[in-house]
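Numbers restart at 1 for each chain; the letters A, B, ... are given by sequence-line order, proteins then strands.
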Amino acid sequence: MKHTSIHWFRKGLRLHDNPALLAALKDCAELRPIFILDPWFPKNMQVSINRWRFLMESLRDLDESLKKLNSRLFVVRGHPAEVFPALFKKWKVTRLTFEIDTEPYARQRDAKVVKLAAEHNVQVIQKVAHTLYDTERIIVENNGKAPLTYARLQTVLASLGPPKQPVPVPTLENLKDCGTPCKDNHDAKYGIPTLEELGQDPEKAGPPLYPGGESEALVRLDLHMKRTTWVCNFKKPDTEPNSLSPSTTVLSPYVKFGCLSVRTFWWKLAEIYQGRKHSAPPVSLHGQLLWREFFYTAGVGIPNFNKMEGNPVCVQVDWDDNQEYLNAWREGRTGYPFIDAIMTQLRTEGWIHHLARHAVACFLTRGDLWLSWEEGQKVFEELLLDADWSLNAGNWQWLSASAFFHQFFRVYSPVAFGKKTDKSGEYIKKYLPFLRKFPTEYIYEPWKAPRSMQEQAGCIIGKDYPKPIVVHEVVSKRNIERMKAAYARRSHSTAAQGDDKASKKGGKRKPPAGPSVIKLLAKKPAAKKN
DNA sequence: TTACAGGTTGGCCGG
DNA sequence: ACCGGCCAACCTGTA
């Protein structure tokens with residue numbers, strides 16, 4: 001039987017290593033590659049113009065690549081649950097293929113679509129290709145729970161063996177008996193939208209530093225992979241958060257949208273490592289891909305992963321609610337140049353270094369402003385080109401010492417941290433040019449410059465640039481105490497401990513009939529099964 | 001049950 | 001440029 005296949009692109013915006021697309025092509029008479037502009041997304045999350053642009057560029061590239069295979073991309077507007085029944089009938093579809101997406105909205109969306117497909121006698125084929133492993137499989141292998149430490153993940157993965165090899169790119173030969181019927185009005189009806197159609201003002205887009213698309217991704221991958229020594233010596237903590245051009249690959253946006261297959265990336269690195277001395281996880285480039293796997297697995301296995309409430313691994317903290325602080329952070333008006341420069345780079349360019357994310361995330365939450373990591377998560381979700389549900393939620397919990405990382409007494413200094421790799425503040429001067437005339441000595445702390453010097457620099461602190469929003473030395477000490485208190489409350493509700501000290505000396509072992517049912521449920525089996 | 005090791009990326013001071 | 005120790009002391013996983 002010859003099929004009429006829809007291949008549904010969502011993430012996985014590529015032709016290489018795309019097993020679901022290959023499945024669509026098998027015994028296929030008619031191929032309909034589609035992308036659905038689902039109004040759920042802009043309604044439920046802010047999307048910056050830079051990320052819209054990246055997505056549209058990726059779709060354009062996909063369409064161009066499909067043209068070379070005598071096919072085209074159909075961009076369809078509407079809710080998937082409404083779009084599919086219409087398309088199934090209109091195109092007489094017999095098969096639907098797509099790559100598995102594990103995010104919560106994607107899961108419920110896809111469940112509905114699978115049901116609709118069954119009702120229309122459409123065969124559905126779903127393939128894992130967005131992660132190195134099937135994250136469900138990792139969880140099963142780890143006794144039904146997501147690993148909470150990197151070492152644990154590594155142990156589990158060792159038992160699963162290496163990730164799968166990428167599958168081949170479809171060729172004209174694959175498509176020789178398979179057509180994509182296109183009408184003259186294809187672009188009018190199924191074309192890729194302009195930024196204007198998406199309600200965006202193209203004037204407001206940032207510099208085109210990271211053009212979207214599979215072709216661009218593969219070029220960039222090749223470019224970086226040619227730097228053999230650099231690849232082999234790569235240690236993430238040694239890379240610089242505040243270099244004038246990125247100190248890392250910035251392949252993350254391409255991996256996020258699936259313009260670049262994580263397996264292709266993995267095996268390319270393996271090829272380079274082969275026979276050479278090289279760095280190892282967690283700090284190596286392989287290690288970075290495993291971090292992604294770590295958080296993806298956590299996102300699948302931990303309920304309410306992008307929230308504090310109802311999230312069993314997340315410490316419940318009494319974060320403040322302060323819109324003024326939040327706006328100042330978001331808009332780069334905290335008065336700490338290092339923080340404000342990073343937030344400016346984020347807003348204008350859509351990418352900041354991982355350690356820069358650490359600095360501003362710590363500052364927003366446990367370090368200085370004591371605001372909820374969920375607020376930071378929303379801002380990153382809007383502004384980052386590589387905004388990725390699982391990684392964003394996981395890393396915000398990490399940095400706020402809410403989960404995974406617990407040494408809350410290690411606080412980043414908004415002054416000292418940046419100096420380690422950029423003593424003279426070139427990075428600050430690039431993104432906050434109005435500070436450029438301050439002498440090096442004061443570039444991280446311009447409020448300490450004498451008035452005459454501020455005048456000479458043409459920038460009065462408190463007028464042209466804000467005074468520090470908080471005094472780091474004071475608030476960070478207080479916040480450590482608040483974290484300590486939050487952790488103490490947690491141990492009361494989860495374990496047998498009464499008062500920290502009392503329980504150690506033979507207090508009652510019986511867990512209190514708990515306020516936190518969720519935590520008990522999560523904790524108990526963990527303690528028993530291992 | 002209890003102890004202990006280890007945790008991708010802290011700051012600061014002194015050598 | 002890099003080390004060690006101190007600060008004060010969290011968690012998870014394992015034995």
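Comparing dT1(B) with dA15(C), their C1' atoms are spaced 12 Å from each other, to the whole Å. Of the C1' atoms belonging to dT9(B) and dG13(C), the separation is 22 Å, rounded to the nearest Å. Look at the P atom in both dA9(C) and dG6(B): the space between them is 22 Å, to the nearest Å.
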Per-pair distances, 0.1 Å, donor-acceptor, side chain in residues 291-300 of chain A, under 3.5 Å, sequence neighbours excluded:
residue: W291(A); atom: NE1; partner: P282(A); partner atom: O; Å: 3.4
residue: R292(A); atom: NH1; partner: H130(A); partner atom: O; Å: 2.8
residue: R292(A); atom: NH2; partner: H130(A); partner atom: O; Å: 2.8
residue: R292(A); atom: NH2; partner: H130(A); partner atom: NE2; Å: 3.0
residue: E293(A); atom: OE1; partner: L132(A); partner atom: N; Å: 3.0
residue: E293(A); atom: OE2; partner: L132(A); partner atom: N; Å: 3.0
residue: E293(A); atom: OE2; partner: Y133(A); partner atom: N; Å: 2.6
residue: Y296(A); atom: OH; partner: H130(A); partner atom: NE2; Å: 2.9
residue: Y296(A); atom: OH; partner: D388(A); partner atom: OD1; Å: 2.9
residue: Y296(A); atom: OH; partner: D388(A); partner atom: OD2; Å: 3.0
residue: T297(A); atom: OG1; partner: E293(A); partner atom: O; Å: 2.6

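Nearest approach of N142(A) to R152(A), heavy atoms of both residues: OD1-NE, 2.8 Å.
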Extract from the structure each pairing of a protein N or O with an N or O of nucleotides 5-10 of chain C at less than 3.5 Å, listing the distance.
residue: dA9(C); atom: OP1; partner: K484(A); partner atom: NZ; Å: 2.3

What pairs of nitrogen or oxygen atoms, one from the protein and one from nucleotides 11-15 of chain B, lie under 3.5 Å apart?
residue: dG11(B); atom: OP1; partner: S413(A); partner atom: N; Å: 2.9
residue: dG11(B); atom: OP2; partner: K420(A); partner atom: NZ; Å: 3.2

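Using a 3.5 Å distance cut-off with no hydrogens or angles, the side chains of Y427(A) and E240(A) do not pair a donor with an acceptor. With hydrogens and angles left out, the side-chain atoms of Q46(A) and K378(A) include no donor and acceptor closer than 3.5 Å. Donor-acceptor pairing under 3.5 Å is recorded for the side chains of Y431(A) and E349(A).
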Whenever both distances are under 3.5 Å in a Watson-Crick or G-U wobble pair, mark it; put DNA chain C into dot-bracket that way, with [ ] for crossing pairs and | when the partner is on another strand. .||||||..||||||

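With sequence neighbours left out, E381(A) forms a side chain to side chain donor-acceptor pair (under 3.5 Å) with no residue at all.
Residue L148(A) is in sugar-phosphate contact alone, with no base atom involved, counting any heavy-atom pair closer than 4.0 Å across all strands shown.
Within residues 234-249 of chain A, the residues that place at least one heavy atom under 4.0 Å from DNA chain B are, in residue-number order, K236(A), P237(A).
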